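Here's the structure, in structure tokens; my notes come after.
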Amino acid sequence: VSTLVLDVLSGIVPVLLLICSVITGNIHLWTKCCLCGAILAVLKGFLGAATVVPDSIGWENCKARLGPEGLKFFRKSKDLNFESKLFSSLLELVTLEIIGVEDASHHHHHIRFCADMMFSGHTYVCSIFA
């Protein structure tokens with residue numbers, strides 16, 4: 001299953017619950033689901049940072065996923081050191097997540113990181129909001 005399909009599906013399910021919650025007047029359910037989703041997103045982020053699990057697709061496919069711009073970003077980034085430069089490293093990754101990397105035509109695009117996760121964001125979003 002392509003990642004785009006999973007992204008669309010995990011985006012549609014919460015929207016459908018929101019519509020149903022507004023129609024039935026049960027905003028309390030929507031609030032509970034959003035709170036659970038936020039807690040799981042924070043937990044997923046913590047586990048992603050605390051555990052290094054190599055991606056199951058292998059290094060060659062990981063390089064293809066990152067693309068030349070993504071590889072260049074991580075190779076040139078001398079300040080990305082969470083042990084000695086925690087806040088500058090966090091700022092650099094947040095900037096990467098918001099702005100993305102710049103390609104040869106000076107356009108910015110986001111990259112998909114190469115690491116497996118303890119639990120899938122698509123799965124927990126669909127499970128909570130379904």
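The structure displayed is predicted, hence computed values, not measured ones.
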Checklist entry - Of all heavy-atom pairs between Leu17 and Cys33, which one has the smallest distance, and what is that distance? => result CD2-SG, 3.7 Å

Checklist entry - With the 4.5 Å side-chain cut-off for hydrophobic clustering, are Phe129 and Val22 part of the same group? => result yes

Next on the checklist: Are Ile128 and Leu29 linked, directly or through intermediate hydrophobic residues, by side-chain heavy-atom contacts shorter than 4.5 Å (ILVMFWY only)?
Outcome noted: yes

Checklist entry - Does the pair Lys63/Glu60 count as a salt bridge with the N-to-O cut at 4.0 Å? => result yes

Checklist entry - At what distance, to the nearest 0.5 angstrom, does CD1 of Ile12 lie from CG of Leu16? => result 7.0 Å

Checklist entry - Hey, mind stepping through Asp103 and Ser105 against side-chain hydrogen bond (donor to acceptor under 3.5 Å, both in side chains) and telling me if it holds? => result CA-CA 5 Å; Asp103 60 15; Ser105 60; 3.0 Å; yes

Item to check | Closest non-hydrogen atom pair, Ser21 against Trp30 | outcome: OG-CB, 3.9 Å

Item to check | Lys32 atom NZ: more than 12 heavy-atom contacts under 6.0 Å | outcome: no

Next on the checklist: Do Ile111 and Trp59 sit in one hydrophobic cluster, given that two such residues count as connected whenever their side-chain heavy atoms are within less than 4.5 Å of each other, even indirectly?
Outcome noted: yes

Item to check | From NE2 (His109) to CD (Glu69), nearest 0.5 Å | outcome: 4.5 Å

Checklist entry - For Pro14 and Gly11, which heavy atoms make the closest approach, and how far apart are they? => result CD-O, 3.5 Å

Item to check | Phe74 side, atom CZ; Leu96 side, atom CG - distance, nearest 0.5 Å | outcome: 5.5 Å

Checklist entry - Between CG of Leu71 and CZ of Arg65, what distance do you get to the nearest 0.5 Å? => result 12.5 Å

Checklist entry - Is there a path from Leu47 to Val42 through hydrophobic residues (I, L, V, M, F, W, Y) whose side chains come within less than 4.5 Å of each other? => result no

Checklist entry - What's the spacing between Leu80 CG and Arg75 CZ if we round to 0.5 Å? => result 14.5 Å

Next on the checklist: I'd like to know if the side chain of His110 and the backbone of Ile99 have a donor-acceptor N/O pair within less than 3.5 Å.
Outcome noted: no

Checklist entry - Is the number of heavy atoms from other residues, nucleotides or ligands under 6.0 Å of Phe46 CZ greater than 12? => result no

Next on the checklist: Assigning hydrophobic clusters by single linkage (Ile, Leu, Val, Met, Phe, Trp, Tyr; side-chain heavy-atom cutoff under 4.5 Å), is Phe73 placed with Leu90?
Outcome noted: yes

Item to check | Ser10 to Cys126 - nearest heavy-atom pair and separation | outcome: CA-SG, 3.7 Å

Checklist entry - Rounded to the nearest 0.5 Å, what separation is found between the CD1 atom of Ile23 and the CG atom of Leu18? => result 9.5 Å

